[in-house]
Amino acid sequence: MSLIVRKIASIIGGFIFLYGIYIVLHGHLTPGGGFAGGVIIAGSFVLFVLAYGTDESGEKKRFFIASIFESIGALFFIGIAFFGLFLGSLFFLNFLPQGLPLKLLSAGTIPLSNIAISIKVGAGLFSIFLALAATKYFLEE
Amino acid sequence: MALITDLILTPIVFGLIGMVIKRISRWLALISSAISTYYSIQLLGLLPGSFTIRLTPPVPIIFQLDLLSVTLSIATSVLTFLVVLYAINQKIRDRFFVYIPIALGISLGALLSSDLILFLFFWGFLLAIVFGLLLVGKEGRDPSAAAQKALFLLGASDFAMLLGIVLLLTTIGIGSLTPPFPKPLTSPIAIAGFILILAGGVGKIGGFPFHTWIPKSADVVPPATMAFLPSVLDKILGTYLLIRLLTRIFIPSPSIALLIMIIGSITIVIGVFMALIQPNGMRTLAYSTIGQAGYIIVGLGTLHPIGIAGALFHMFNNIIYKTGLFFTLGSVEAATGRSNLEDLGGLAKVMPITFFSFLISGLALAGVPPLSGFCSKWMIYQAIIQSRSHWLWPAFLIAAMFGSVLTLAYILKLLYATFLSEPPKDLDLDRIQEATVNGWFPPLLLAVGAIVFGVFAYSVPIARIIQPILPTRIEALGFWQPVLATILLLIGLLIGLLIYLFGTALRAKESKIFIGGEEIDSEEGRIPGTHFYSSLPQIYMLEKIYTFGKGGAFDFYNYLVGIFTSLGIVAGKVIEFLIQKFYEVIAAIYRIAGGVGSEAHSGILPNYLSWLLLGLFFLFLFLW
Amino acid sequence: MNLLPLFFALPLAGAFLIPILSKIWRGFSDLIANSITTILLFLSFYSLNLFEEGEVIIYKMGGWPPPLGITMVYDHLSALIVISIAIVVFAASIFSIRYLEHFTGRVKFYTLFMLITAGMMGVAITGDIFNLFVFVEIASISSYALVAFGIEKEELEAAFKYMVMGEIASLFLLFAIALLYGRASTLNMADLANTLSVAGRDQLFWFVAAILLFSFAIKSALFPFHSWLPDAHPSAPAPVSAILSGIFVKVLGVYALIRLSFNVFGLTPQNSPIFFHILIFLGLVSVFFGGIIASRQRDYKRLLAYSTIAQIGFIMVGIGIGNFWAIAGGLFHILAHAITKSLLFLTSGAVVYATGKRDLEELAGLGKTMGITAWSYRLATLSLSGLPPLVGFFPKLFIIIGACQAKLYWLAILLAILSVFTLAYLLKIIRKVYFTTKEVSTPETPFSMRLSMLFLVILMILFGFGFQGLLNSLIIPATKVLLNGTGYGRAILGG
Amino acid sequence: MFFFITTLILIIIGLYAIVTKTNLIRIIIGFAILEYAINFFFALVGFKKGALAPIITQVDGPKNFVDPIPQALVLTAIVIGLATTALMLSFAIKLYQKHKTFDITKIKELKG
């Protein structure tokens with residue numbers, strides 16, 4: 001990609017990432033949440049990969065890391081649910097203090113779940129992108 | 001009550017142990033059949049009674065004991081013991097001895113169970129074991145095709161029976177094999193259920209049209225299997241079911257009786273006439289088994305007390321001599337390694353005990369008085385004549401009588417070809433030895449049984465066994481007096497023997513065949529037994545008329561026999577052919593429909609999707 | 001502590017633990033998957049004890065009361081399905097240990113394996129219709145991926161076709177859910193049942209019913225909607241084929257259909273005969289065509305796949321007759337067929353493992369060297385074609401009893417005849433593969449494979465002899481759940 | 001009513017593409033259309049005329065919201081749709097790699 005694209009990507013990418021985090025953290029207050037935020041986070045990574053390009057080995061490395069993060073996100077999510085089971089004898093029980101409505105630190109486990117989902121979705125989408133992008137190696141054969 | 005569970009479970013458990021420890025399976029089979037013989041005799045002390053076992057709370061498992069079931073249980077156990085005894089040192093795979101006790105246990109269960117569902121359970125279970133048993137082939141033979149055919153035919157008849165039982169259960173509410181009193185067959189559903197169960201019984205007994213697996217198996221499974229399966233187990237179970245069905249569960253109507261008798265007559269015709277033209281001893285006996293099943297069916301179909309008693313008696317006789325015949329021919333096969341009649345001959349000298357057993361059993365099978373087969377057939381004839389249920393009755397009588405005559409014919413052929421004819425050159429008689437003790441003892445015992453059941457027909461089997469089983473009194477057996485006849489016959493035989501000894505018989509002179517200045521090899525002069533009736537299928541009416549004109553009364557008999565024989569053979573062949581064609585047509589339909597269906601799966605996705613949409617369209621059409 | 005969510009949460013957790021932990025040590029994937037399936041097996045049988053508290057066990061996810069939150073509902077019908085799933089999955093996971101030697105992506109395989117388990121378990125115990133859709137999709141998507149697992153030409157083709165048809169079904173299911181939501185404004189199945197039984201049956205009701213039937217008919221591969229199955233099931237690795245054919249189609253198709261049509265829509269043969277006639281018709285056509293096309297196959301697994309179509313047809317006929325014994329037979333057949341068909345597919349896996357071939361014409365004489373495999377196959381054949389004392393006998397008996405009670409005698413006769421057909425096509429494999437006196441030298445399968453086959457054989461015999469206990473503890477209560485109709489809604493929500 | 005008809009038309013277009021098109025990618029596009037149509041419909045189910053978006057900005061604000069549940073559900077459906085589309089695309093790519101064609105009618109090795 002051209003220098004302009006790279007430069008702008010490096011400027012914008014961080015903002016996109018930050019915006020994704022914003023969406024995730026306000027998931028229990030405003031529209032959005034784990035999935036939407038995760039997609040945006042993945043978008044920032046995709047932007048970097050598109051701008052700076054990648055080679056096969058780099059792609060494999062990223063894919064490896066992404067898949068680990070994906071599993072961690074999912075485990076985190078299920079872990080929260082299991083915590084509910086162990087602490088309050090109900091799966092997915094909202095065992096944390098709920099706080100006041102419309103405050104950032106409220107709604108118990110929901111923000112945590114949103115974070116877990118965002119990790120899972122971001123990593124998952126990014127790895128899907130990488131997997132599809134990898135097809136260019138064999139389609140060019 | 002515990003006795004019953006012991007009786008049923010002991011053989012099964014022994015069989016299962018034998019499955020694990022193959023080495024001792026033979027002895028386990030022997031021991032278990034002996035034990036079940038002991039137990040089943042013990043059952044006599046419990047009579048009469050019904051026993052309920054509550055395995056799981058709501059549905060009890062009901063066993064009912066009456067004389068019929070107990071007697072048949074004893075017979076099954078004893079015969080199984082003999083089969084195992086006979087087979088124990090033969091070259092049969094160990095699996096055979098695993099299945100035999102299991103089959104014994106299951107069939108005892110079937111005989112003793114009163115509940116129809118329980119009965120069905122045992123019955124179907126037995127089918128699986130029979131399949132396994134038929135899979136144990138002779139050395140170097142592949143029995144799979146025969147076993148599959150058996151499984152298919154027996155499976156079909158079993159499913160028919162299942163359907164019938166379900167029909168009875170759901171519509172009439174008959175759930176027991178031993179209801180307090182029989183019900184009349186009136187509603188069409190009940191008749192349908194009856195006929196379906198009948199199909200199960202007929203299939204088990206080996207009757208038309210479920211019989212074709214028996215001759216097919218005869219070549220490929222060991223003789224002991226043939227002795228055990230079609231001639232003991234299936235006969236006993238089939239007869240049991242039919243007797244229960246016709247006497248305890250229902251009061252059948254005359255048209256039903258006609259149906260049964262037609263089935264029986266066809267079975268006789270097929271069995272006897274096909275037996276006549278087989279080139280192989282085992283196959284002959286297999287067809288003979290079918291033919292004798294026909295007698296049982298006809299006897300039951302008369303619905304006359306004598307007929308039913310005769311059928312039951314015939315069943316006993318049949319398992320006695322038929323098992324003996326399979327044993328002796330099996331010994332012959334084991335000793336010589338051949339089974340085609342053409343390759344055998346002259347074994348009477350080297351296997352005298354086997355020969356004697358075969359002679360007695362064979363003559364009993366042919367119904368030569370005073371041996372056992374005669375009296376029961378006589379009772380069946382009597383019943384046919386006395387019941388006269390339909391104007392067709394002479395046809396049934398003729399079928400039965402000619403069947404009997406021709407049975408003698410093929411038995412003589414077997415006897416001649418195996419034991420009496422000049423041996424073929426490559427059969428070295430000096431090397432052949434009499435069977436070992438357990439090889440000759442069971443058939444000899446059975447031959448003695450055949451004599452006892454024949455000579456003392458009234459005093460032993462009928463009075464002691466059959467009369468107590470059946471509710472009605474058996475009377476009017478005609479003027480046949482077996483003991484007297486035996487004495488007369490013995491006197492006749494004695495005179496004949498005297499003549500033989502002191503007459504000229506011993507002075508017969510043997511010399512080489514000498515024709516046209518050339519010594520002819522004795523092999524060319526030999527008449528193998530297979531040629532005995534080889535001309536029968538090609539009999540020309542003209543020749544017979546010619547001989548008739550020349551010969552007189554005796555030739556008239558010949559002529560009649562000729563006509564009926566050829567007719568019978570033609571009929572037998574035609575029926576076999578039709579059955580074959582029927583299967584083929586079904587197979588063809590099956591194949592064509594399968595082909596069309598298979599072609600339709602062309603692998604093209606849009607086609608599949610259009611089926612989906614079509615289906616959706618119809619769903620909307622009907623539901624919306 | 002209520003263990004209900006563990007049924008789907010454990011495999012779900014396993015699915016994500018496996019990729020991480022197997023980076024440390026490869027053996028973790030086997031270990032985790034097998035221990036989870038073992039736990040599930042014990043849990044599923046243990047869960048029968050829960051019914052002492054009541055006929056229906058309701059689990060409120062996150063503590064939300066039923067119409068609002070997602071509820072898990074565990075009754076005897078769910079228990080039957082859960083037990084079937086647990087049995088099949090347990091056997092398949094043991095079998096996979098050695099079978100996967102031929103494949104590279106062991107970790108991915110187990111991840112998908114756990115996901116498909118989680119999806120099926122979720123379908124079986126969920127009480128929320130959208131949740132049902134989600135679990136259906138989890139299971140379906142993993143199954144698409146598992147079908148394509150070998151990534152060879154045939155596997156990919158099968159997977160793509162399967163996916164096209166499966167997704168049509170899934171999307172129509174979603175469409176039906178949308179319509180239902182638009183009508184009743186609720187997603188809880190119990191609430192839905194109550195609402196629908198109060199409101200009359202208008203055009204929209206039947207429209208939704210038709211769409212649902214279409215969707216589940218595809219999922220359960222009834223005849224005109226079946227064409228993906230004979231491609232997809234044989235293409236998957238053998239343990240997966242065992243899961244797909246053994247239980248997957250029944251959970252996603254049959255179970256979901258009967259749960260919705262009986263308990264939510266309140267359909268009975270009396271008030272909606274057409275619906276049930278359609279079920280009988282589809283079932284019969286499936287039995288017939290599945291059977292005859294199966295007997296034409298040359299491929300070991302493809303034959304079994306067609307046989308699955310036929311056997312699903314039996315289940316559907318039983319359900320379609322709709323009286324007590326017929327439904328009991330259908331439900332019993334779900335369990336019986338799960339055991340037998342997965343056993344049959346596992347034997348195919350053993351044969352492929354030992355010889356590398358699936359073509360019946362090329363295989364011969366394996367009966368001698370692969371004794372356990374051959375005997376498992378034979379017993380499964382006898383069971384599937386309905387010979388006592390194996391488990392397959394009773395379902396068919398009950399279905400025929402049901403048909404007779406409903407005065408559908410022609411149907412009873414047809415079913416009895418078609419049962420013999422089952423024998424015909426399954427015997428083909430015995431004849432071609434296990435018989436023949438030809439000497440071959442293939443090794444017996446590894447211990448773990450034999451173990452899993454033996455496990456199923458023992459169950460087959462055990463359930464056959466102990467059918468009475470099974471009937472009382474599981475089948476009859478499950479049948480009662482279905483016959484209870486929309487009483488389901490009242491049982492859960494009360495009032 | 002207009003929306004329902006639109007949905008129906010979209011569904012039919014999607015099905016038409018899936019059934020009649022032979023190109024793998026077009027089939028996948030057909031699926032996308034079908035999926036969007038159904039999602040669209042689902043989102044419409046919760047629609048109320050003149051109601052607000054279901055976002056609470058203060059604790060006791062106006063109560064006239066559209067039904068938020070369908071939107072949440074549609075979001076889930078979209079996630080699932082994402083997964084299926086991705087998987088299907090990867091199948092398509094792999095199929096192309098093996099068969100060198102995108103024509104589904106030419107990919108017919110499994111038959112009978």
Side-chain angles (χ1 to χ4, degrees), chain B residues 55-59 61 106 117 120-125 127-128 131-132 135 137 140-142 144-145 148 151-152 155-156 158-160 162-163 166-167 169-171 189 192 196 589-591 593-595 597-598 600-601 603 605 607-609 611-612 614-616 618-624, chain C residues 157 160-161 164-165 168 203 206-207 209-211 213-214 217-218 224-225 227-228 230-231 274-275 277-278 288-289 292-297 378 382 385-390 393 396-397 400-401 403-405 409 412-413 416-417 419-421 423-424 427 430-431 435-437 466 468-469 472:
Chain B
L55 277 185
T56 48
V59 175
I61 291 177
I106 295 163
I117 294 289
L120 196 61
F121 179 84
F122 280 121
W123 194 272
F125 192 178
L127 175 58
F131 179 55
L135 284 180
R141 290 297 190 95
D142 181 12
S144 56
Q148 270 186 45
L151 184 60
F152 203 73
D158 273 14
F159 274 111
L162 183 149
L163 202 60
V166 168
L167 273 180
L169 275 176
T170 52
T171 56
I189 302 285
L196 286 168
I589 292 172
Y590 195 72
R591 219 177 306 123
S598 187
H601 291 79
L605 186 65
N607 284 0
Y608 294 169
L609 291 173
W611 299 354
L612 292 193
L614 205 66
L616 180 63
F618 276 104
L619 288 185
F620 276 142
L621 197 68
F622 287 119
L623 277 179
W624 189 26
Chain C
E157 179 192 344
F160 190 81
K161 288 175 182 172
V164 167
M165 288 183 237
I168 289 179
Q203 296 271 305
W206 287 116
F207 185 75
I211 288 180
L213 181 56
F214 171 69
I218 295 177
F225 312 107
S227 40
W228 55 272
D231 294 348
I274 299 174
F275 186 83
H277 286 164
I278 288 176
F288 182 70
F289 278 102
I292 57 169
I293 300 176
S295 59
R296 304 249 321 162
Q297 297 306 314
R378 280 173 202 152
L382 295 179
S385 44
L387 284 186
L390 299 166
F393 165 68
K396 291 192 180 170
L397 178 68
I400 290 175
I401 289 178
C404 286
Q405 277 177 342
Y409 298 115
I413 293 170
I417 294 172
S419 292
V420 185
F421 275 22
L423 207 55
L427 282 180
I430 293 192
R431 197 177 66 228
F435 265 135
T436 51
T437 45
Q468 192 69 51
N472 293 328

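Just so we're on the same page: letters track the sequence lines, and every chain starts at 1. Because only heavy atoms are used, hydrogens play no part in the values below, and waters and symmetry mates are left out as well, while side chains stay in.
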J.: For C/Asp231, enumerate each residue passing the salt bridge (Lys or Arg N to Asp or Glu O under 4.0 Å) test, keeping only those at least two apart in sequence or located in another chain.
T.: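 Here the qualifying residues are C/Arg302.
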J.: With a 4.5 angstrom heavy-atom cut-off, is it the side chain or the backbone of C/Ile413 that approaches chain B, or both, or neither?
T.: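 Both parts, heavy atoms under 4.5 Å.
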J.: For B/Ala128 and C/Leu382, work out which heavy atoms get closest and say how close.
T.: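 Shortest heavy-atom separation between B/Ala128 and C/Leu382 comes out as CB-CD1, 3.8 Å.
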J.: Where on B/Leu196 is there a heavy atom nearer than 4.5 Å to chain C: the side chain, the backbone, both, or neither?
T.: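 For B/Leu196, neither part sits under 4.5 Å from chain C.
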J.: Rounded to the nearest 0.5 Å, how far does CG of B/Leu621 lie from CD1 of C/Ile274?
T.: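 The CD1 atom of C/Ile274 sits 10.0 Å away from the CG atom of B/Leu621.
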J.: Which value, rounded to the nearest 0.5 Å, describes the distance between C/Ile218 atom CD1 and B/Trp611 atom CH2?
T.: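 Nearest 0.5 Å value for the CD1-CH2 distance: 13.0 Å.
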J.: Quick one, C/Ile278 and B/Phe618 - any side-chain contact, counting heavy atoms below 4.5 Å?
T.: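 With C-beta onward as the side chain, the pair stays apart.
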J.: Can you tell me how far CD1 of C/Ile292 sits from CD1 of B/Ile589, rounded to the nearest 0.5 angstrom?
T.: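 Nearest 0.5 Å value for the CD1-CD1 distance: 10.5 Å.
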J.: What part of C/Phe275 lies closer than 4.5 angstrom to a heavy atom of chain B: side chain, backbone, both or neither?
T.: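 Interface part for C/Phe275: both.
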J.: For the CG atom of C/Leu397 and the CG atom of B/Leu120, what is their distance to the nearest 0.5 Å?
T.: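 Spacing of CG (C/Leu397) from CG (B/Leu120) equals 6.5 Å.
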J.: Among C/Ala210, C/Ser227, C/Pro224, which residue forms the greatest number of heavy-atom pairs with chain B at distances under 4.5 Å?
T.: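 Ranked by heavy-atom pairs under 4.5 Å with chain B, first place is C/Ser227.
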J.: Any chance you could measure C/Lys396, atom NZ, to B/Leu162, atom CG, to the nearest 0.5 Å?
T.: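 One finds 10.5 Å between NZ of C/Lys396 and CG of B/Leu162.
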J.: Under 4.5 Å, counting heavy-atom pairs only, tell me which of C/Phe207, C/Tyr409, C/Phe289 racks up the most with chain B.
T.: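 Going by pairs under 4.5 Å, I would pick C/Phe207.
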J.: Check whether C/Ile400 gets within reach of chain B through its side chain, its backbone, both or neither, counting any heavy atom under 4.5 Å.
T.: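 Both the backbone and the side chain of C/Ile400 come within 4.5 Å of chain B.
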J.: Among C/Ala209, C/Ala403, C/Ser295, C/Ala294, which has the most heavy-atom pairs under 4.5 Å with chain B?
T.: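 Looking at each option in turn, the highest pair count goes to C/Ser295.
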J.: Checking B/Leu612 against chain C: side chain, backbone, both or neither under 4.5 Å from a heavy atom?
T.: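 The answer is both parts of B/Leu612.
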J.: With chain C, which of B/Leu127, B/Leu609, B/Leu163 has the greatest number of heavy-atom pairs at distances under 4.5 Å?
T.: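 The answer is B/Leu163.
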J.: Output, in order, the C-alpha distance, side-chain angles, deciding distance and verdict of side chain to side chain contact (heavy atoms under 4.5 Å, CB included) for C/Leu213 and B/Phe622.
T.: CA-CA 12 Å; C/Leu213 181 56; B/Phe622 287 119; over 6 Å; no
J.: Might you point out which heavy atoms bring B/Gly594 and C/Arg296 nearest each other, and give the distance in Å?
T.: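 Looking at all heavy atoms of both residues, the closest pair is C-CD, 3.5 Å.
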J.: How long is the span from the CG atom in B/Leu623 to the CZ atom in C/Phe214, to the nearest 0.5 Å?
T.: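 Output value for this atom pair is 13.0 Å.
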